[in-house]
Structures are given as structure tokens and as C-alpha cells.
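Just below is one structure, and these are the notes that go with it.
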Amino acid sequence: MPAHLTTRPEYSLLIDRYDTWMFDCDGVLWHGDRLIEGAVEVLEILRKRGKRILFVTNNASKSRKSYKAKFDQLGVEASVEEIYGSAYASAVYISSVMKLPKDKKVYVIGMAGIEEELREEGVSFIGGTDPADCTLEPFSLSSFSLDPDVRAVLCGLDLSVNYTKLSKAFQYLTRNPGCQFLVTNEDSTFPSADGLLPGAGAISAPLRFALERDPISIGKPAKTMLDCIQAKVNFDPERTIMVGDRLNTDILFGQAGGLATLLVLTGITSKQDITGPNASPIVPDYVTQSIGDLRVVDGQ
């Protein structure tokens, strides 16, 4: 059973126990463009106590630089080096793990954030926000020219997903030998400011069904994301805690990496998901209603 935190001594002990704090963003720090009450104050408390803070998000619609602009807009202190998104991790995976040759390409189903991170890593790509692919015109194989240099398809959240993009990705994955099927993450939904919407996992689902093949997932809960962080940041897993709102991504990610986990109930997961006869088998170490609850250690 997880420890349900409610008192000032419990929160104080929690803060003292961990030196590195990893935070999911959507549903933990904010909903859309609305901050969760107390989030900024809690981050300030942790920084004043010398804690290292990292932001680990599956949202691939923005690059790290674009995400930094959102932090600034909301008044949340953060540096680019503290932000780890699945778009960034995917670009690093393609350049450093796959070691994609410079003359080869990635076909992208996704938004500008993926493109920006691929460009930063020196990875060539096609598709994505290209107007030729962002069309509702019928797709025709007779007018499609297969690019033999495409060696991977990378699929993330795409608010302009269409039949043309799915068809082109399908062609590359079935006709280009050795073409890798990659997804930034497999979140079934994501929390917008006004409610749940289909997530990146829903965007790649048609391809999985058509191909009868599972992709390589790079974001949480995959260890690839943690490997990406560990390549840049030195931290002790036993003194590190992952804070998230989703059991099958945030909490599972922390557990897979040997980290402690704190679940907040301001996002995807509800109290019913962790209690009762139908409770999830994924059990966090700690639970609190909101990240703002930690303000109590400063008497707020």
C-alpha cells in the first residue's frame, strides 16, 4: 500500500529523504496553460533546500527550447538543461543509439517540437509539418514516390494527423528494408486544460494495427528516457524521486529506474485507481492530493 501523505512531518521527511526530484508537467504542475495551485511555491522550497530539479515529460509537441518558453510564460523557474522531453530523447536515440547515418532520413508523424529536436541532433527528416503531408486530399499510391533513404518512422502527438501521413509511414515501414518503427511515447490520452484528449499512443495505434507490429517506445515508462537523463545528469537513484499523475507512465518509469515515486491526484489517476477491488497493480511509494500540499513544510 502506498503511504498517503497528509501531515507536515510526513512532507518534511519526504523532502529530506530525496536530493533529486523529477517532475512530470501536464497534470502535475499545470493543466494546459493553468498552473496547479502551489506548484511554483513547492519548486522554490525544493530549490532553497538545495534539491536538484528535473522536468521529465512525454509531451513531444514542443522542443526543450519551446518548453522553456512555456515555463517562462507561467512563471516557473527552469533551465533548458533541466527539461527532458520525449521529442529530445527520441532525437538522441536516433543519433546516438541507432547512429543513423547522416545521409539517411526519418519520416515524422508529429509536430514542430520533434522537428526542432531532430534538427538540433543533426538528423535529416521529412514529413511532419510539411504542407504536402498536412492535407485532407485523398492519398494515392500512384503519385507517391518512395524515398529509399528513410530508415525510421518516428510517431508522436500530431494534431494534424491524416490518412496521407499514416499511408506514407506504412509504405516506409513495409517497403524500406530495416526501417525502424519508433514512437515518442504511448500515452493513450493527455490532459488538456478542459479535459482529456487522445494522446500520442492513439496517433500510432492505426499503424500498429495495420502492421501487426509494436514500435520501440522512447518516452516514459521506457528506460530509454532515463538513460538519456543519466547521460547528462549524475544522480543517485536511491536519493531520487519521480513525481507524476499517471501510473502506467510516470510511476512505472520511476519504478523501472529504481527511483522512489510520488503520485499526485490532479491529473489522470484518481483515488479509485489505487484503492478498492479493481485497484491498479502499479503501486506508488507515496500519494498526495496535489503537489501544492508540500507547501505545508514552510507553513503555507
(message) I'd like to know if the side chain of D149 and the backbone of K104 have a donor-acceptor N/O pair within less than 3.5 Å.
(response) no
(request) Look at D298 together with K48 and state whether they make a salt bridge at an N to O cut-off of under 4.0 Å. (result) no
(message) Please find the pair of heavy atoms, one from I291 and one from V28, that lie closest to each other, and give the distance.
(response) CG2-O, 3.4 Å
(message) Other residues, nucleotides and ligands only: do more than 12 of their heavy atoms fall within 6.0 Å of CD on Q73?
(response) yes
(request) Answer yes if the side chains of S270 and D273 hold a donor-acceptor pair under 3.5 Å, and no otherwise. (result) yes
(request) For L5 and Y11, work out which heavy atoms get closest and say how close. (result) O-OH, 2.9 Å
(message) Closer than 4.0 angstrom, basic N to acidic O: yes or no for E120 and K65?
(response) yes
(message) Using the rule that Ile, Leu, Val, Met, Phe, Trp and Tyr join whenever any side-chain heavy atoms are under 4.5 Å apart, tell me whether V283 and L262 fall into a single cluster.
(response) no
(request) Check the pair E77 / L43 against side-chain contact (heavy atoms from CB on, under 4.5 Å), numbers first and verdict last. (result) CA-CA 8 Å; E77 181 186 346; L43 294 174; over 6 Å; no
(request) Say whether Y286 and L13 are linked into one hydrophobic cluster, either directly or through other cluster members, by side-chain heavy-atom distances under 4.5 angstrom. (result) no
(message) Regarding E82 and R47, does a basic nitrogen lie under 4.0 Å from an acidic carboxylate oxygen?
(response) yes
(request) Ignoring hydrogens and angles, state whether a donor on the side chain of E115 or T129 is under 3.5 Å from an acceptor on the partner side chain. (result) yes
(request) Would you name the heavy atoms of K102 and G122 that are closest together and state the gap between them? (result) NZ-O, 3.3 Å
(request) Can you run down the side chain to side chain donor-acceptor pair (under 3.5 Å) pairs that involve residues 189-210, sequence neighbours left out, and say none if there aren't any? (result) E186-R208, T189-R246, R208-D214
(message) Please find the pair of heavy atoms, one from G219 and one from S86, that lie closest to each other, and give the distance.
(response) CA-CB, 4.1 Å
(request) Please check if the distance between the ring centroids of F55 and Y67 is under 6.0 Å. (result) no
(request) Hydrophobic side-chain clustering at under 4.5 Å (ILVMFWY, transitive links): who's grouped with M225? Put none if nobody. (result) M22, L54, V56, Y84, Y88, V92, L226, I229, V233, F235, M242, F253, L259
(message) Under a 3.5 Å threshold, yes or no: a donor from one side chain and an acceptor from the other, between D285 and T261?
(response) yes
(message) Between I45 and Y18, is there shared hydrophobic-cluster membership here, with clusters defined by ILVMFWY side-chain heavy atoms closer than 4.5 Å?
(response) yes
(request) Identify the two heavy atoms, one from R64 and one from E117, that lie closest to each other, and give their separation to 0.1 Å. (result) N-OE2, 2.7 Å
(request) Decide whether I126 and V108 are clustered together by the hydrophobic rule: side chain heavy atoms of Ile, Leu, Val, Met, Phe, Trp, Tyr closer than 4.5 Å, transitively. (result) no
(request) Please test F190 against D26 for side-chain contact (heavy atoms from CB on, under 4.5 Å), starting from the C-alpha separation and ending with a verdict. (result) CA-CA 8 Å; F190 79 90; D26 298 289; 5.8 Å; no
(request) Look at the side chain of R34 and the backbone N and O of H31, then say whether any donor-acceptor pair between them is shorter than 3.5 Å. (result) no
(request) Quick one: closest heavy-atom pair of L247 and P284, and the distance? (result) CD2-CD, 4.0 Å
(request) Could you list the residues that satisfy ring pair (Phe, Tyr, Trp, His ring centres under 6.0 Å) with Y172, not counting sequence neighbours? (result) Y107, F144
(message) Take a 6.0 Å sphere around CG of N234 and say whether it holds more than 12 heavy atoms from other residues, nucleotides or ligands.
(response) no
